[in-house]
There are 2 protein chains.
Amino acid sequence: MTQDDQGQLNHPALNANSFVPPKGRRTIPLREVVLPHECPEPVRLRVLGRAPYFQGLDISELREISTRMNTRVYAPNEHIYNAGDEANELFVIAEGRVKLSQVSADGTATLTDILVPGDLFGAMGALGQPTHLQSAATLVPCCILRIGQHDFRQILEQHPKVALKVLDDVAGRLRRAQQDIGDQSTNTVKQRVATTLLRLADKLGEQTAEGILLNVPLSRADLAGLARSTPESVSRVMSQFKKQNVVDSGRRWTILLNPEALTDATQAVLPPLSD
Amino acid sequence: MTQDDQGQLNHPALNANSFVPPKGRRTIPLREVVLPHECPEPVRLRVLGRAPYFQGLDISELREISTRMNTRVYAPNEHIYNAGDEANELFVIAEGRVKLSQVSADGTATLTDILVPGDLFGAMGALGQPTHLQSAATLVPCCILRIGQHDFRQILEQHPKVALKVLDDVAGRLRRAQQDIGDQSTNTVKQRVATTLLRLADKLGEQTAEGILLNVPLSRADLAGLARSTPESVSRVMSQFKKQNVVDSGRRWTILLNPEALTDATQAVLPPLSD
DNA sequence: CGGAGCCTTGACATTTGTCAAGCGAGGTGG
DNA sequence: CCACCTCGCTTGACAAATGTCAAGGCTCCG
């Protein structure tokens, strides 16, 4: 991985670099992020402050939490933990993108989620799960904070407001999951793909001259995982979208050209109402 | 609803009757529960103590929580709240069975969950959801405790340990939901039905001479909702199971004759390994 | 410039939802 | 106590959606 210390700008970790915007049509347009070297304390504090969990805490409290965490820089495609590993740490992303994937019985891994700075993962929400159910790996250079489960629980006990925030967050995820369960049996692959793309755009989309770039390398198989389908089916849907100029995409990259059209595609087609 | 303090039987709404236990084969074998009249404090305390959330609290703490709750008795099939209603109360079931159903865009309701005593529902886990996403109704006579969301949050702030328990619980549900999402695209309807039946047996099964009775009136449509399928498909699977003497069922009732076989049916069929 | 790997596309198999008809359990009224 | 009627359950036939298998083609990297 590229280590680069020109870095001392004002916002070290956030400095997104020097890539030339997409020009030619069929070239990979993903923007590279310069690796965030070590995370100095101010950066860590900012990351923590940005994480919804810790909002409302004052600086001294953040600092205290920060001291309980340690930092680690990961190379792209570096593995963080595997499903089945003992789960006793929590992670907070300071910079970068992390993917979670579920390993099914037959050994194939399917992408289940992509995480961005501020997201918390690992021994989920401090629950007593002994082992990880998913595997986590970096997609790009990452800087990640870690904290032991025990320390985290202590923080929650000492800061009930944080506990409530975490609870709200987890509950929110639960709602989304339940919604997904419902949608999954109702919606078509096309709808699910559209929904997936919009969610990704929300999370890691970047406005460019051509449209909203999903700034992370995603293969068809990855999208298939997120949309709960197969690479082939996703490919067909994407081809359709491409024909309608709704998206443009290539090998591991995607740009949304017309998000509204995607939103429409999200909705179910109403039965031909016989006036 | 009619409230009446002769308390014992013969209450129009509650005493759904004096049914005779299952004898002949094709008769409805559900056992009726006599309504638990008003919930006196000791009962409420016991319910609270049984709820995993409040385990570890001492009596005085339970009592304090208890005073913040109020009790209500519901008739069978009584509606508790509708999807879309303002959500600012939590409910804990003291006695009875409650069903949650999701109302889809076209207005049809599908069963999503069945709750038993000790289960908490409503404004889930005190999260900031303004309106209910599901509808709740009783299946049988019920006694239900209620607490305002605000009071509940206060309790959580004052008892961080409770907050952590709630967090663990919600996180557990999240895990299950995520698992379900994964299973749903992988598993067949048959597998899902089998899983559903086993879960129900776990939750509200009753050992009888003939097998494990699911002691709650469930139609094919209800099972279809839980298994994320359609009544017809469920019916076909059930017919298969009946032929193999794995279950017996009729109009709104089900008995599991051979749970092991169901567990087997849960597993995916491995590809015919050559040689 | 060449190769590996990802993407696309076609053909096909399978599962499952949909529509429709008919049966029968179980409650009701005579 | 019996016959009737309603509503849920069953079953068949069919269509649609999507997963599977397989064969290229194109991108991107070295």
Side-chain angles (χ1 to χ4, degrees), chain A residues 19 22-30 32 76-77 104 106 108 110-111 183-193 217-225 227-243 247-255 265 268-269 271-272, chain B residues 16-20 22-30 32 104 106 108 110-111 183-193 217-225 227-243 247-255 265 268-269 271-272:
Chain A
F19 194 84
K23 258 302 143 49
R25 233 326 175 39
R26 315 256 48 163
T27 44
I28 185 169
L30 300 185
E32 305 266 331
N77 277 318
S104 54
D106 59 355
T108 56
T110 51
L111 188 63
D183 292 352
Q184 204 166 330
S185 42
T186 311
N187 295 355
T188 65
V189 170
K190 185 172 179 179
Q191 290 175 298
R192 297 205 299 271
V193 170
L218 284 178
S219 69
R220 289 288 174 268
D222 292 335
L223 286 176
R228 297 289 147 186
S229 179
T230 59
E232 291 93 336
S233 292
V234 171
S235 184
R236 286 180 229 279
V237 171
M238 293 294 281
S239 295
Q240 239 183 297
F241 284 153
K242 278 201 246 182
K243 267 197 205 102
V247 308
D248 193 8
S249 84
R251 198 188 171 97
R252 288 174 173 283
W253 60 267
T254 306
I255 292 183
V269 186
Chain B
N17 80 24
S18 33
F19 200 88
V20 191
K23 257 303 143 53
R25 234 330 179 29
R26 313 255 46 159
T27 45
I28 185 169
L30 301 183
E32 304 273 331
S104 54
D106 59 356
T108 56
T110 51
L111 188 61
D183 292 352
Q184 204 166 332
S185 40
T186 312
N187 295 356
T188 65
V189 170
K190 186 172 180 179
Q191 290 175 299
R192 296 205 300 271
V193 170
L218 284 178
S219 68
R220 288 288 175 268
D222 292 335
L223 286 176
R228 299 286 147 189
S229 179
T230 59
E232 291 94 336
S233 292
V234 171
S235 184
R236 285 181 229 278
V237 172
M238 293 293 281
S239 295
Q240 239 183 297
F241 284 154
K242 278 201 247 182
K243 265 195 207 104
V247 308
D248 193 8
S249 83
R251 199 187 170 99
R252 286 175 175 286
W253 62 266
T254 306
I255 292 183
V269 184

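Quick note: numbers below take in every heavy atom, side chains included, and nothing from hydrogens, waters or symmetry partners. Order of the sequence lines fixes the chain letters, A, B, ..., with proteins taken first and strands second; residue numbering starts at 1 for each chain.
Side-chain atoms of B:Arg252 lie closest to D:dC9 of the nucleotides C:dG26, C:dG17, D:dC9. Looking at the side chain of B:Arg220, the nearest of the listed nucleotides C:dC7, D:dT11, D:dC9 is D:dC9. Closest to the side chain of B:Lys242, from the set D:dT10, C:dG17, C:dG24, is D:dT10. Side-chain proximity of A:Val189 to the nucleotides C:dG17, D:dT10, D:dT18 is greatest for D:dT18.
Using a 4.0 Å heavy-atom criterion, one finds that B:Ser219 contacts the sugar-phosphate atoms exclusively.
A heavy-atom distance below 4.5 Å is not found between the side chains of B:Arg236 and B:Val189. Using a 4.5 Å heavy-atom threshold, the side chains of A:Leu218 and A:Arg252 count as separate.
A side-chain contact (heavy atoms from CB on, under 4.5 Å) with A:Val193 is found for one member of A:Val247, A:Asn187, A:Val237 and no other, namely A:Val237.
Rounded to a whole Å, the CZ atom of A:Arg251 is 11 Å from the C1' atom of C:dG3. The CZ-C1' distance, from B:Arg228 to C:dG17, rounds to 15 Å in whole Å. The CD atom of B:Gln191 sits 17 Å away from the P atom of C:dT14 (whole-angstrom rounding). Per the geometry, CD belonging to A:Gln184 stands 19 Å off P belonging to C:dT15, to the nearest Å. In this structure, A:Asp222 atom CG and C:dG5 atom P are separated by 16 Å, rounded to whole Å. Rounded to whole Å, atom P of C:dG5 lies 20 Å from atom CG of A:Leu218. Rounded to whole Å, atom P of C:dG17 lies 14 Å from atom CG of A:Asn187. Atoms CE (B:Met238) and P (D:dC9) sit 10 Å apart, rounded to a whole Å.
Side chain of B:Ser239 to backbone of B:Ser235: a donor-acceptor contact under 3.5 angstrom is found. Without hydrogens or angle criteria, B:Arg220 side chain to B:Val234 main chain gives no donor-acceptor distance under 3.5 Å.
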- Task: Take nucleotides 18-23 of chain C nucleotide by nucleotide from the 5' end and write B, S or -, depending on whether a protein heavy atom sits under 4.0 Å from the base, only from the sugar-phosphate, or from neither.
- Result: BB----
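OP1 and OP2 of D:dC9 both lie 4.0 Å or more from every side-chain N or O belonging to B:Ser239. Residue B:Trp253 places none of its side-chain N or O atoms closer than 4.0 Å to OP1 or OP2 of D:dG8.
A side-chain donor from one of A:Ser219 and A:Asp222 sits under 3.5 Å from a side-chain acceptor of the other.
Where B:Lys190 and A:Ser235 meet DNA chain C, the nucleotide closest to each residue was compared, and A:Ser235 sits on the side nearer the 5' end.
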- Task: Any chance you could lay out the side-chain contact (heavy atoms from CB on, under 4.5 Å) test for B:Arg228 and A:Gln184, step after step, and finish with the verdict?
- Result: CA-CA 9 Å; B:Arg228 299 286 147 189; A:Gln184 204 166 330; over 6 Å; no
